[in-house]
Amino acid sequence: MLREPQHDKRIIMKKYDHKKVEKKWQKVWEKEEPYKAEDTSDKEKFYCLIEFPYPSGAGLHVGHVRSYAALDVMVRKARMEGKNVLYPIGWDAFGLPTENYAIKHGIHPIEATKENVKVFKRQIKGLGISFDWSREINTTEPEYYKWTQWIFLQLYKKGLAYKQEMPINWCPSCKIGLANEEVVNGACERCGTESERRNIKQWMLKITEYADRLIEDLETVNYLDKIKIQQINWIGRSYGANVNFKVKDSDKQVEVYTTRPDTLFGATYMVLAPEHELVETLITEEYRGEVYEYQEQARHKSDLERTELSKDKTGVFTGAYAINPVNNEEIPIWIADYVLATYGTGAIMAVPAHDERDFEFAKKFELPIHEVIVKKFGETNPKADRRDAVAAVVKNDDKVLVLYNKKFDVYRLPSGGYEKGETAEETIGREMLEETGYDDFEITGYLGMINANFYLVDKKVQREKFHKGFLITLNSESKAETAFEDHEDYEGSWCTQQEAIEKLTPYGGGEEEFVRRAFDPSLKCFAGSEGAMVNSDFLNGLDVENAMQAMNKWLEDKGIGKAAKSYKLRDWVFSRQHYWGEPIPIVFCDKCGEVPVPEEQLPITLPMVEKYEPTDTGESPLAAIEDWVNTTCPTCGGVAKRETDTMPNWAGSSWYFLRYLDPKNKKEFVAQDKLKYWMPVDLYNGGMEHTTLHLLYSRFWNKFLYDIGAVPVSEPYKRRVSHGMILATDGEKMSKSRGNVINPDDVVEEYGADVLRTYEMFIGPYDQSVSWDTNGIKGVKRFLDKVWALQEKYDESYTFNVDEQPGKARDKLLHQVIKEVTNDVESMKFNTAVSSIMILTNSLWSDEKISKFEIEVLLSLLNPFAPHLVSEITETLKLKIEKWPVFDPEKAIIVTKEIVVQVNGKNRDKIALTADEDKFDEDTIKELALKSENVKKYLAGKEPKRVIYIKDKLVNIVV
RNA sequence: GGGCGAGUGGCGGAAUUGGUAGACGCGCUGGACUUAAAAUCCAGUGGCCUUAACAGCCGUGAGGGUUCAAGUCCCUCCUUGCCCACCA
């Protein structure tokens with residue numbers, strides 16, 4: 001018998017020549033510019049923004065490719081869906097790396113930037129990313145930074161830009177100011193000399209004025225949760241109160257900021273930051289020497305040292321006392337570097353009983369600790385019998401003594417109430433002896449007070465107990481013989497921390513808290529919100545929230561303080577003493593003072609200079625260019641000098657998304673009609689490292705521009721997403737020094753841009769970091785080769801029958817894949833999108849002929865990922881794939897062909913559904929399931945209790 | 001110390017959000033083609049038991065819990081990544 005020849009599926013067609021094909025299509029796109037956005041249109045707009053790159057000498061990184069390609073997939077799909085797409089690109093080129101490169105190689109930063117941009121541009125174009133190149137911008141071109149300077153002037157006019165003395169990091173050897181990132185382990189990155197702090201007058205922008213809106217408006221945008229949370233934490237808003245403390249024997253006052261005004265009765269000392277301006281006027285003669293010495297030390301400590309030594313508190317007494325306004329107690333005023341000059345008022349009231357830092361400080365310097373808030377267990381009951389009591393945590397290395405009451409089956413600590421005239425210590429000593437019998441012990445610690453509200457089973461009363469805990473250490477196992485007389489019901493046992501907590505908790509007396517505190521001393525300064533006030537006069541018995549309100553009201557009534565907010569966010573230091581940045585458009589005139597440059601004189605261009613090194617004085621190199629610095633005053637025409645500081649490189653990137661809309665406009669920074677059409681940005685992708693600085697700065701600038709009526713929306717970005725890093729094959733960060741860098745040029749050369757793009761989409765979840773896998777890329781190449789080879793199977797005249805199998809199944813698959821790819825691309829799950837296209841490809845591969853519909857669907861879906869290859873096949877086969885395919889929801893429903901039958905949740909059988917599957921209803925399927933031989937075996941004659949049916953999925957029989 | 005995540009085969013990772021765990025890809029094994037290799041094609045591939053098949057048992061960091069049913073929800077713990085870090 002003649003066997004039918006098996007059809008040969010090997011790729012015998014001429015191999016796909018990526019070099020030729022990709023170059024060809026890149027030329028076509030260069031010439032025809034199909035990716036130009038229309039300035040205005042009736043079409044729905046889609047503004048898709050990628051963080052523009054810093055054109056460094058290192059060239060494009062595979063990490064750039066990941067996000068550029070991802071958004072390229074989204075915009076190519078959007079275009080196929082008929083949207084007017086804006087996907088622009090530009091260069092964020094001001095900044096230190098280029099300046100350092102220029103200094104090192106003697107090349108002007110302008111030239112260096114040009115070179116780097118050229119490389120980046122060639123690389124990006126070689127990837128076939130569909131940027132609208134007609135809108136390319138560069139932050140270092142005067143036509144661009146003219147408007148950066150213009151925005152600065154607007155900020156200045158509104159009082160949001162001001163000059164102030166600020167400490168900067170200073171390298172005494174290089175004689176330059178250092179950016180934070182240039183200080184490595186407290187030393188200059190370049191020469192290794194230890195850096196110092198110097199005060200220099202700096203331009204500042206009042207971003208703190210926008211802090212509340214920067215938090216609140218996050219509710220109106222769609223950012224990843226982790227991005228929102230990071231921004232909120234960075235801004236760090238807290239609510240509390242400012243309180244004025246009078247200084248004893250003086251007319252001076254010290255204002256402190258606290259988030260816990262409710263604990264004011266527990267303030268037993270006060271601490272000022274060493275830099276606090278009042279320190280000088282407060283110190284008494286006796287302590288002057290010590291204070292000065294401490295201040296001097298603090299000045300030389302870098303931030304790093306200050307935090308590294310965070311556990312070990314340091315400080316000195318000033319000799320002065322303040323008066324606690326609530327109880328008129330005299331409290332000593334100290335200075336310590338654990339208090340930051342830049343946060344709050346630079347001074348605190350210390351409540352050592354309820355703040356861990358204050359607690360450590362108080363322990364070290366033996367300052368008093370007053371408990372004013374106790375942790376609460378159970379709900380307060382007004383009818384409860386109120387008692388004061390003490391409890392003992394008898395602890396040896398890692399075990400504590402727990403008593404068991406046989407009669408009532410409860411566990412307790414040795415404890416009891418006071419007898420007349422007893423101190424707490426005497427009570428605990430007596431109870432120890434009575435309940436445990438031990439007679440050779442010491443009190444080695446106090447564990448604080450708790451407030452327990454519970455039903456006492458042994459006495460049958462509702463009780464509210466104010467309970468003090470003491471840590472007890474046994475000196476020996478010695479026991480008194482008579483002790484157990486009254487307590488024969490008790491039996492002691494040694495328990496681990498966990499055992500003790502588990503045993504004591506059911507009792508309801510909260511004694512387990514003492515055990516926790518015995519093992520973790522930091523818990524002693526309880527400061528939670530579930531507490532009750534004690535030792536606090538008019539606050540006693542209140543919960544924390546009410547106590548805070550009551551205290552705030554009291555402070556306001558007495559004029560001593562008032563409710564206040566504070567932020568971790570500081571104003572933005574906007575000056576740099578460097579050459580390669582936008583000159584700040586301000587002039588200093590002897591007569592008129594600080595004068596803004598009139599708008600019509602913009603841009604203030606950077607002069608060409610020979611040397612870019614900062615000067616010995618810490619001024620920008622611009623200070624040395626006399627014919628640039630010396631100018632005339634715009635107001636009086638007299639002699640004046642230009643500001644020589646430049647802007648940080650965050651400046652240009654704070655508004656570039658606006659300039660893309662109208663990059664060549666000479667009259668305005670952007671025309672209003674274009675802003676109205678395009679803003680806000682629909683999708684903005686960037687690295688997590690820019691979440692706190694760039695993202696916050698640009699939101700701030702946009703809000704400011706909105707306030708002055710220059711832009712139409714308050715929030716610039718509708719949706720913000722973030723890509724994960726691409727790590728080297730060893731799982732480490734790619735770096736030159738490790739020698740593990742993958743250069744995209746090499747990959748494009750060997751495999752082609754389409755393979756690189758598709759591989760990076762397939763490599764893993766877009767928002768997670770992934771390691772490069774040299775083998776993985778081969779799999780993607782095979783996949784694209786297979787698509788290429790499918791051309792051979794294409795038969796224009798072939799169609800398949802959708803009413804009969806297998807045509808029906810194929811039709812279903814096509815719709816399912818369209819659905820999955822459509823949804824996955826929208827939710828940026830590119831890896832599973834590629835996987836779905838692979839499944840379709842494999843399915844088509846097993847057929848001898850492919851219809852027009854099939855190949856068009858495949859190529860349409862693949863086009864955003866591998867546009868060169870798809871364009872080439874489309875042209876060769878004379879196909880049309882201009883539109884994104886649409887799925888039929890009916891057909892795209894995934895119905896499994898089998899129903900799983902479980903017995904007690906374990907898979908036991910499957911029921912195959914035949915062609916007329918629609919006929920099967922619930923009862924039929926349940927019946928079929930019960931008839932199954934295998935099911936019968938497991939039922940073993942028993943009657944099923946319940947039969948659960950999940951449509952099209954499974955039957956579970958419960959016995 | 002605080003905040004946010006993550007833990008699934010030999011590897012990268014899927015899982016319609018509580019319903020057949022391991023899609024897709026890599027790697028590996030066997031076969032076809034070849035003088036041979038590469039490339040390509042076909043088949044298999046979580047572990048254990050088994051010559052093999054059938055069947056079975058185990059299995060999503062560990063331990064408990066909720067449920068007819070848990071990778072998915074709840075509690076405790078372990079490991080790990082990133083960001084911030086004396087913020088009163």
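So that the names make sense, note that chain A is the first sequence line, chain B the second, and so on, each numbered from 1.
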Within the 4.0 Å heavy-atom criterion, would you say [X] contacts the bases, only the backbone, or no part of the nucleic acid?
{"X": "A:Ser238", "value": "sugar-phosphate"}
{"X": "A:Asn842", "value": "sugar-phosphate"}
{"X": "A:Asp225", "value": "nothing"}
{"X": "A:Arg570", "value": "base"}
{"X": "A:Ile763", "value": "sugar-phosphate"}
{"X": "A:Lys568", "value": "base"}
{"X": "A:Lys733", "value": "nothing"}

Report the base-pairing partner of [N] (Watson-Crick or G-U wobble, both distances below 3.5 angstrom), or none.
{"N": "B:rA14", "value": "none"}
{"N": "B:rC41", "value": "B:rG31"}
{"N": "B:rA53", "value": "none"}
{"N": "B:rA6", "value": "B:rU79"}
{"N": "B:rG1", "value": "B:rC84"}
{"N": "B:rU66", "value": "none"}
{"N": "B:rG22", "value": "none"}

Can you check the distance between [N] and [M], where both ends of the measurement are the [atom1] atom (answer in whole Å)?
{"N": "B:rG22", "M": "B:rC77", "atom1": "C1'", "answer": "27 Å"}
{"N": "B:rG31", "M": "B:rC58", "atom1": "C1'", "answer": "32 Å"}
{"N": "B:rA14", "M": "B:rU51", "atom1": "P", "answer": "39 Å"}
{"N": "B:rU72", "M": "B:rU16", "atom1": "C1'", "answer": "13 Å"}
{"N": "B:rC57", "M": "B:rA21", "atom1": "P", "answer": "13 Å"}
{"N": "B:rC41", "M": "B:rG25", "atom1": "P", "answer": "11 Å"}
{"N": "B:rA6", "M": "B:rG12", "atom1": "C1'", "answer": "15 Å"}
{"N": "B:rG71", "M": "B:rG19", "atom1": "C1'", "answer": "13 Å"}

Give the rounded distance in Å between these two atoms: [atom1] of [X] and [atom2] of [N].
{"X": "A:Asn823", "N": "B:rA23", "atom1": "CG", "atom2": "P", "answer": "22 Å"}
{"X": "A:Leu790", "N": "B:rC41", "atom1": "CG", "atom2": "C1'", "answer": "14 Å"}
{"X": "A:Glu360", "N": "B:rA88", "atom1": "CD", "atom2": "P", "answer": "16 Å"}
{"X": "A:Glu792", "N": "B:rU40", "atom1": "CD", "atom2": "C1'", "answer": "14 Å"}
{"X": "A:Tyr338", "N": "B:rA88", "atom1": "OH", "atom2": "P", "answer": "13 Å"}
{"X": "A:Asp355", "N": "B:rG2", "atom1": "CG", "atom2": "P", "answer": "14 Å"}
{"X": "A:Asp767", "N": "B:rG81", "atom1": "CG", "atom2": "P", "answer": "19 Å"}
{"X": "A:His723", "N": "B:rG5", "atom1": "NE2", "atom2": "P", "answer": "20 Å"}

Are any of the side-chain heavy atoms of [X] and [Y] separated by less than 4.5 Å?
{"X": "A:Arg908", "Y": "A:Gln902", "value": "no"}
{"X": "A:Val256", "Y": "A:Asn244", "value": "no"}
{"X": "A:Val339", "Y": "A:Leu272", "value": "no"}
{"X": "A:Met761", "Y": "A:Val780", "value": "no"}

Does [X] place a side-chain N or O at less than 4.0 Å from the phosphate oxygens OP1/OP2 of [N]?
{"X": "A:Asn831", "N": "B:rA14", "value": "yes"}
{"X": "A:Asn907", "N": "B:rA21", "value": "yes"}
{"X": "A:Arg260", "N": "B:rA88", "value": "no"}
{"X": "A:Arg782", "N": "B:rC41", "value": "no"}
{"X": "A:Trp234", "N": "B:rC4", "value": "no"}
{"X": "A:Lys829", "N": "B:rA15", "value": "yes"}
{"X": "A:Arg908", "N": "B:rG56", "value": "yes"}
{"X": "A:Tyr343", "N": "B:rA88", "value": "yes"}

Checklist entry - Please walk me through it: do A:Ser566 and A:Arg237 pass side chain to side chain donor-acceptor pair (under 3.5 Å)? => result CA-CA 6 Å; A:Ser566 196; A:Arg237 179 168 62 187; over 6 Å; no

Checklist entry - Side chain of A:Thr729, backbone of A:Trp772: donor and acceptor closer than 3.5 Å? => result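 No.
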
Does atom [atom1] of [X] have more than 12 heavy-atom neighbours, drawn from other residues, nucleotides or ligands, at distances under 6.0 Å?
{"X": "A:Lys562", "atom1": "NZ", "value": "no"}
{"X": "A:Lys228", "atom1": "NZ", "value": "yes"}
{"X": "A:Lys565", "atom1": "NZ", "value": "yes"}

Checklist entry - Between A:Ser67 and A:Tyr766, does a side chain to side chain donor-acceptor pair (under 3.5 Å) hold up when you go through it step by step? => result CA-CA 9 Å; A:Ser67 53; A:Tyr766 182 65; 4.8 Å; no

Next on the checklist: For B:rC26, does the base pair up with any side-chain atom of A:Lys778 as donor and acceptor (N or O, under 3.5 Å, distance only)?
Outcome noted: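 Donor-acceptor pair under 3.5 Å: no.
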
Checklist entry - Taking atom types as modelled and ignoring hydrogens, do the side chains of A:Asn956 and A:Tyr949 form a donor-acceptor contact shorter than 3.5 angstrom? => result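 A:Tyr949 and A:Asn956 do not have a side-chain donor-acceptor pair below 3.5 Å.
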
Checklist entry - Is the glycosidic angle of B:rG61 within 90° of 0, making it syn, or outside that range, making it anti? => result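 For B:rG61, whose glycosidic angle is more than 90° from 0, the conformation is anti.
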
Item to check | Glycosidic conformation of B:rU29, taking syn as within 90° of 0 and anti otherwise | outcome: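 You should classify B:rU29 as anti.
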
Checklist entry - Of A:Lys226 and A:Ser771, whose closest RNA chain B nucleotide lies nearer the 5' terminus? => result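 Its nearest nucleotide being more 5', the pick is A:Lys226.
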
Next on the checklist: Both A:Leu954 and A:Gly764 contact RNA chain B. Which one's nearest nucleotide lies toward the 5' end?
Outcome noted: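 Taking each residue's closest nucleotide, the earlier one in sequence belongs to A:Gly764.
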
Checklist entry - Which of the following nucleotides, B:rC24, B:rG56, B:rA21, is nearest to the side chain of A:Met838? => result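 Among the listed nucleotides, the one closest to the side chain of A:Met838 is B:rC24.
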
Checklist entry - Closest to the A:Asn775 side chain: B:rC4, B:rC42, B:rG27? => result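 My answer, after comparing the listed nucleotides, is B:rG27.
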
Item to check | Partner of A:Tyr269 under ring-ring contact (aromatic ring centres under 6.0 Å, His included), chosen from A:Phe245, A:Phe361, A:Phe365, A:Phe359 | outcome: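 It is A:Phe361; the other options fail the test.
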
Under 3.5 Å, which protein N or O atoms sit close to an N or O of nucleotides 67-75 of chain B? Give each pair with its distance.
| residue | atom | partner | partner atom | Å |
| --- | --- | --- | --- | --- |
| B:rC68 | OP1 | A:Arg946 | NH1 | 3.3 |
| B:rC68 | O2' | A:Asn956 | ND2 | 3.3 |
| B:rC68 | O2 | A:Asn956 | ND2 | 2.6 |

